[in-house]
Every structure is written in structure tokens, then in C-alpha cells.
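Each chain gets a letter, A, B and so on, in the order its sequence line appears, and its residues count up from 1. Everything quoted here is computed from the prediction, not taken from an experiment. Quick note: numbers below take in every heavy atom, side chains included, and nothing from hydrogens, waters or symmetry partners.
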Amino acid sequence: MASANDARYGQKESTDQNFDYMFKILIIGNSSVGKTSFLFRYADDSFTPAFVSTVGIDFKVKTIYRNDKRIKLQIWDTAGQERYRTITTAYYRGAMGFILMYDITNGDSFNAVQDWSTQIKTYSWDNAQVLLVGNKCDMEDERVVASERGRQLSEQLGFEFFEASAKDNINVKQTFERLVDIICDRMSENLESADPSIVGNKQGPQLNEQPQRSTKDCAC
Amino acid sequence: MDLGLFQALERERVLEVLQRDKALRTIEADRIRRLKVELQGIYRQGAKTITLPYGQRSCARCQRHLGKFWDCGSVCCGCSHRICNRCRVVRSAREWKCTMCHAFREFKIKSGEWFLEQQAKKFTDIKENHETTGDKLLQSYQQLSFIAVVPPTPPPFKAVPSFNRVEDLKTSKPFTKSMENLMMSVSAHIKKLSKSQNDLSEEAGQLTVDYGRMNARRKSLSMGALDKAFNLSKAPSLPDLSQDTKAAEQYASASTICLTDDDVSYASAYSDEQRDSNSSTGMDCGFFENTSVTGEIEVAFGYNSRTSCLEITIKACKNLMIGDMKKKCRPYVKVRLLPKKYHSYKMKTAIKRGNSPVYNETFTCVVDREQLVSSVVQASVWHSRGLKRKLFLGETLVRLADLCLESTNTRCSVWNTLGPKGHALGGDVELYTSELLLKAQLQFLPQTSPHTDDILIGSAGQLKVVITDVWKLLSVSKTAYIEGILCLSGDRELMQRTPLKKTADSLQINFRRVTRQELQQATLQLNIWEKNTFSLADRLLRSARLGGESSWQRLQQMPGEWHDFVLPLHADVSTNMRS
């Protein structure tokens with residue numbers, strides 16, 4: 001049983017220590033919006049149309065090369081179903097970034113976004129980075145949530161926004177990479193702001209003179 | 001959180017994921033540990049050593065001489081030291097850091113420390129983060145499934161408190177794992193266990209569970225948790241337990257299973273009496289947490305400063321209770337001196353009958369005056385059941401520092417309320433902040449007096465003191481800093497303060513221009529102050545003192561070498577404030 005698992009989840013990937021840092025990312029959203037598919041597309045580049053509900057939690061590990069750094073991602077896939085809520089929310093705290101997903105063909109899943117974002121605010125750290133993703137954008141015929149509505153909501157919530165398709169592999173990689181970039185930015189901000197508190201305010205003026213952040217354009 | 005609501009299959013799935021996560025975290029912890037070692041290496045290389053007379057400028061990293069107008073270096077915004085051009089890491093046109101600050105920043109990034117710091121801002125209770133949640137689940141369910149599956153001898157004691165759950169599992173969960181699988185996983189656990197033995201023995205040495213937890217947060221989240229998860233199999237493979245398992249040996253030989261090597265099966269490890277004998281380490285499994293502890297114990301203390309003898313008299317107990325069982329109580333009291341590192345005393349009273357036994361037994365142990373203040377007496381009450389496993393009835397911890405033993409000759413006898421394991425002191429943090437670890441080094445440099453022939457005797461040297469376990473201070477107070485006062489002969493006092501450090505691994509104090517003669521009668525007073533943000537007055541938390549000829553001799557005999565010292569910390573009863 002164990003060996004089967006290891007093969008399935010890429011043993012090599014997870015035991016590999018050749019990386020610079022590790023980020024933990026959590027994918028949340030209503031049931032059946034395609035969280036698991038999204039993750040499988042990203043981590044394994046595979047897609048199965050069959051719907052299998054995730055039990056509680058699961059994760060995959062993927063190492064990427066970004067900004068000259070090897071970053072190991074531990075991506076947690078959560079069950080959307082309400083009954084697993086106690087176990088999934090326990091994992092919010094350890095996550096540096098979130099992918100909040102809804103299904104563009106499912107109005108309810110979009111309406112729940114607000115609630116999900118409240119959940120993040122409650123259970124996660126204060127600087128949690130969130131990307132809003134409207135999945136299944138390949139199913140244009142069945143679309144009920146207009147792209148513009150998604151964008152508006154994301155602006156309102158202060159998240160960045162992507163429409164993506166796990167099935168057709170649209171914007172999947174971009175979503176994760178963008179999230180990694182945002183976390184990196186947040187990381188350097190935190191480190192810069194943490195420094196003066198140690199030193200005291202002697203160096204105050206000098207520190208204020210360094211607002212230059214690596215400017216990255218939004219990929220969407 | 002409880003997985004009890006889930007169906008058996010769901011539970012399996014979740015546990016399997018948690019297991020994978022744990023494996024990942026173990027690897028990660030290992031990596032972080034290595035990063036830490038690397039960082040410490042860099043620190044050691046680049047630690048600031050002031051080799052030149054005061055007033056002359058040198059680079060804090062490479063000690064290169066800096067000029068007044070040309071090549072004068074500039075101040076690093078990270079550490080406020082003057083740094084030459086070569087020891088900088090330039091990140092942008094305006095921004096640079098010294099090599100050490102850069103290394104520290106890199107470490108924070110690579111280890112994910114930055115995130116933990118941010119996290120800690122919102123969640124002050126670190127215990128409840130998802131890692132431990134996962135571990136808790138893993139732990140509880142692993143134990144249960146092993147018990148239910150391993151058939152040979154159903155462990156007698158585990159069945160009592162968790163009766164309902166085992167029963168529940170037996171009926172609801174069809175176990176698919178075969179014996180082989182099970183044994184395989186058991187041996188895998190044992191392998192893991194032996195890996196983490198160092199941590200374990202350390203933990204055993206320090207006795208209390210929370211130490212492990214605290215340590216775990218700093219250095220490895222998962223290792224500590226892992227240790228706890230495999231608590232149950234701890235007993236047989238721990239080497240240092242052998243010393244206090246004499247009594248258990250006879251039980252082991254009496255029982256059918258022989259516990260000799262690491263391949264001991266889970267079942268035998270479990271059902272054997274052996275783990276009782278190491279009660280102090282083995283009892284942290286939360287086994288008795290739900291049974292209410294009642295009762296009191298009367299203990300008297302006396303200290304003879306001439307013979308350095310501490311006398312502990314166990315007088316009596318009252319209102320003892322064994323859970324809710326209607327059995328006759330056969331209690332005895334076990335007395336230990338903590339921290340274990342310094343005391344090997346372990347004493348037991350005779351077994352008495354009844355719920356309010358009278359013992360009047362006195363134990364004598366030799367404790368140095370200096371150690372007295374940092375020592376804690378642990379008196380635990382146990383219910384003896386002959387060859388069967390003993391039961392924990394409660395314990396009390398008495399800090400000797402609180403008793404003012406040195407000033408009075410009269411025995412002070414006090415009734416202490418018994419509490420559950422490890423709760424008596426109100427957080428074990430206290431226990432571990434009772435001493436300060438530091439390194440000291442004395443350097444004599446010929447350059448300081450180039451014109452004198454007699455370099456060694458009359459010349460001034462530098463005394464460097466590095467406080468190594470800063471995290472301990474931080475557990476006392478987030479805003480602690482250290483003040484070092486070196487009192488030299490002839491009423492000369494040198495005073496140095498460390499900055500408020502929230503993150504660094506060590507704090508350093510340097511005393512310049514100290515001569516050998518001066519040092520002979522010197523004392524170094526180290527005060528831990530708490531910076532008060534809201535008022536100007538700082539509060540003195542603890543103080544320690546380094547003195548005596550022997551200490552200084554050690555330093556003088558080998559100048560340039562680091563010497564380790566462990567100083568007992570004294571809590572000042574009168575709250576000292578200063579502006």
C-alpha cells in the first residue's frame with residue numbers, strides 16, 4: 001500500500017532536498033469546482049473528467065524554478081464539502097498563499113467566494129496571499145458567471161484574478177507562478193520591515209529610502 | 001478535532017495523507033537544521049572582535065583597518081557595525097548589507113522563519129498550528145489501530161481509559177492490514193525512532209514534555225512531535241533508561257516476552273511493564289489526563305549550608321484518590337530533584353495504605369549552594385499495584401528558590417496541592433529558565449601594547465561573553481536584554497548592554513581593556529532586563545553571577561579559547577525597576 005502511494009505522489013519529488021525554499025499553498029472553494037483537477041493538471045499534467053470527491057485533505061509536492069530560485073511547493077488540496085470543514089480549516093494557518101476557486105458554470109460557487117475569503121481572514125495569518133480563480137473557462141456555453149463579475153469581486157476583495165481551465169490547461173501554471181511571485185514579494189517586504197525593529201531607529205531615514213520592489217506586471 | 005465522525009475508509013485516507021505530510025516535514029526539519037548549522041558557522045567566522053584600541057576603526061567582519069577619510073567603510077543597516085567595502089553584499093544601488101546580515105536574511109528566507117514570525121503575530125498559541133493538529137490525529141489513531149490489531153496480548157491498561165474508543169473502532173472499522181504489513185510498519189517506526197534517539201534522550205534528560213515542544217518549535221517542528229507520537233515504543237529502545245529499569249527487569253523476565261534489542265515488537269513493548277519504570281518519561285502520553293487529581297502532600301525542607309545537604313521530608317498525604325475506582329489506595333511518594341542534568345537523586349518512600357498516609361521519611365541529598373536556587377523538587381505520588389503497573393496520583397513541584405532555605409535554619413513544612421503531570425509550576429518555561437548558558441573567552445593581543453616587553457602579564461585583554469541560549473530569554477520575555485557588569489578590583493566597573501534582540505541566536509558582550517590581575521578578583525554580574533514599551537522603567541527579571549577564581553583561571557589558562565559556563569539564574573523577588 002505504501003509503495004503504491006509513493007509512486008502515485010512522486011516520492012522523488014517529496015524527498016528531494018535540493019531546493020531553496022518551501023512554500024505551502026492551499027486550494028479552497030466549493031465542492032466540485034475543480035480544485036483537485038486543477039492541482040493534478042499542475043503537478044502531473046493530467047486530467048480526468050470523472051468526479052471523485054476529495055476526502056478531507058490531500059497534498060502534492062512540486063518543485064519549480066522561479067526568479068533564479070528552486071522553490072518547493074507543497075500544495076494542499078482541500079475537500080469542499082462542509083462536513084470536512086473542521087479538518088480543512090486546521091490547515092489554513094500553515095499556508096502562505098491561497099487559491100480560492102469557483103466554477104464559472106456554477107453561480108453558487110461564485111456566491112460562496114465571499115464566505116471563503118472570510119474563512120481565510122479568520123483562520124489564516126494576516127498577510128495571506130489569495131488568488132481568485134474562475135475554473136472551467138473552457139465551458140463557455142454553460143457560463144453563468146461573467147468574467148467581469150469575477151474581476152470586480154476580486155478587486156473588491158483585494159485579490160488577483162484569473163480565469164482558468166484545468167481541462168484545457170489554461171492559466172494553470174500562470175496561477176501558481178503568480179501566487180509564488182506574490183508570496184516572494186510579501187516575504188521580502190516582511191523581511192525589510194522586520195529589520196529596523198531590531199536595529200532601532202538609528203537607521204530610520206536610510207531604510208525609508210528603499211521602496212523599490214521588483215516590479216512585476218500582473219499576468220492576467 | 002476528532003476523526004471519529006468520519007467513516008473508517010475516510011479515516012484511513014486522511015491518516016495516510018497526514019503520514020505523508022509528516023515524512024515531508026521530517027525531511028524539511030532536517031534541511032533547516034543543516035541551514036542553521038551553516039549559519040552558525042558564518043556567525044562564528046564573522047563575529048566582531050575588537051582587536052584594535054578603542055578609537056581606531058576596523059571592519060566588523062574582516063577586522064581590516066579602516067581609514068578616516070579614505071576607505072572608511074560605512075554602517076550596515078542590519079547590524080549597525082562599520083563594514084568595509086569588501087564585506088558587503090550589494091542588492092541594489094542603494095541597498096547593501098554586511099555578509100553576516102545577508103546570511104541571516106537568507107536563512108530566514110530559506111527556512112521559512114519569516115513566515116513563522118508573521119504567523120506568531122496573529123496566533124500566539126503556537127501549539128495549535130496545523131502541524132500539531134495533524135500529529136495529534138496521527139498519534140491518537142495510530143495508537144488505537146495498533147492496539148486493536150495486534151492480537152497476542154491485548155494491553156491490559158490501555159483498555160481501561162480508552163475502552164469506548166477501542167470498542168467503537170473494533171466494531172466500526174474493518175481492519176484490512178495484515179500482520180506482515182503491520183510488523184513492517186512497526187519496524188519502520190522503530191527505525192525512525194532510533195534516528196530521533198538523540199532528541200529523545202535529551203528530552204528524557206530534561207524530563208518535561210513541554211521542553212520538547214518548545215525546542216521543537218525552534219529547531220524542528222516534526223521531530224518533537226514524532227518523538228511524542230512514538231512515545232509508546234520509547235521505553236525499550238532508549239539506552240539511558242537502562243539505569244533506572246532495574247526493577248523492571250525482573251518484570252520483563254517474568255513476562256513471556258523478552259525485551260533485548262531494537263526489534264522488539266510493538267505488542268511486547270506495549271504490554272510490558274517496562275515503561276512504568278521510566279514513568280518520568282513515559283507518562284507523558286496523556287494517559288491520566290482525564291482522571292482528576294486530588295489531594296495534598298506535606299513536604300518539609302531544610303538546608304545545611306555547611307555540609308551542602310538538602311533534607312527533604314515527606315510528611316504525609318491526604319485525600320488521595322485513584323481515579324474513580326473504589327479500590328484501596330496503596331500510595332508511595334517518589335522524590336526527584338530537577339533538573340535531572342545535575343541531580344541523579346531519585347528517592348521513594350515506603351508504600352502505605354489508605355487515602356491519607358503518613359510517611360515522615362527524610363531524604364538527604366547533597367546540593368551545591370549555587371545549584372540550590374535553580375533546583376526544583378518533584379514529589380509525585382503513585383499507587384502501587386505490586387507487579388502490575390503503578391498508577392499516577394498526582395505530583396507537586398517545589399522551587400527551592402522560593403523557600404529561602406539559606407536564610408533560615410528552621411524547617412518549613414508546607415502542604416502542597418497535588419496536580420496532574422507537569423502542571424504544578426504553571427508552565428515549564430520557568431523550569432528551564434533557571435539557568436543561563438554562556439561562553440566566555442579572554443583574549444590577549446600583543447598589538448595592544450607593542451612597546452612593552454612583558455606582553456602577557458600587564459597587558460590588557462578583552463573579555464568576550466556570548467550568551468548562547470537566547471531563546472530561553474525570549475521565553476521569559478519578548479523584550480529581554482542583557483546587561484553585563486564586570487566588577488574589577490579597585491572599584492572599577494565596566495558595564496555593557498546587549499541590544500534588544502528578537503531573532504538572533506546569540507548575544508555578545510565585550511569588555512575591553514581588562515588586565516589579568518584585575519580579573520582575578522572580578523565578578524561578572526549578568527542581569528536580564530525586560531524592556532517595557534509602555535513605561536520608561538525597565539524591569540529586572542533575573543540575574544546571574546560569574547565569579548570565583550576557578551572560573552577566571554580557566555579563562556586565563558587558555559586565552560583565546562571559548563569556555564562554557566552554566567550559571568544559575570536568580571529571580572529577584574523584589575521587582576526592580578529602573579529608568
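In this structure, the portions of A/Ile183 lying under 4.5 Å from any heavy atom of chain B include both its backbone and its side chain. For chain B, the nearby part of A/Ser124 is the backbone; its heavy atoms alone come within less than 4.5 Å. With a 4.5 angstrom heavy-atom cutoff, A/Asn127 touches chain B only via side-chain atoms. Proximity to chain B is limited to the side chain of A/Phe23, based on heavy atoms less than 4.5 angstrom apart.
A/Asp77 places no side-chain N or O within 3.5 Å of a backbone atom of A/Asp58 that could act as its donor or acceptor partner.
The side chain to side chain donor-acceptor pair (under 3.5 Å) search around B/Ser74 returns B/Arg88, not counting sequence neighbours.
With respect to chain A, the highest number of heavy-atom pairs below 4.5 Å among B/Lys110, B/Glu106, B/Arg31 belongs to B/Arg31.
A/Trp76 and A/Tyr91 have tilted rings, their planes meeting at an angle from 30° to 60° on a 0 to 90° scale.
With A/Tyr21 as the aromatic partner, A/Lys72 does not meet the cation-pi criteria of under 6.0 angstrom to the ring centre and within 45 degrees of the ring axis.
The 12-atom threshold is not exceeded at OH of A/Tyr123, counting heavy atoms of other residues, nucleotides or ligands nearer than 6.0 Å.
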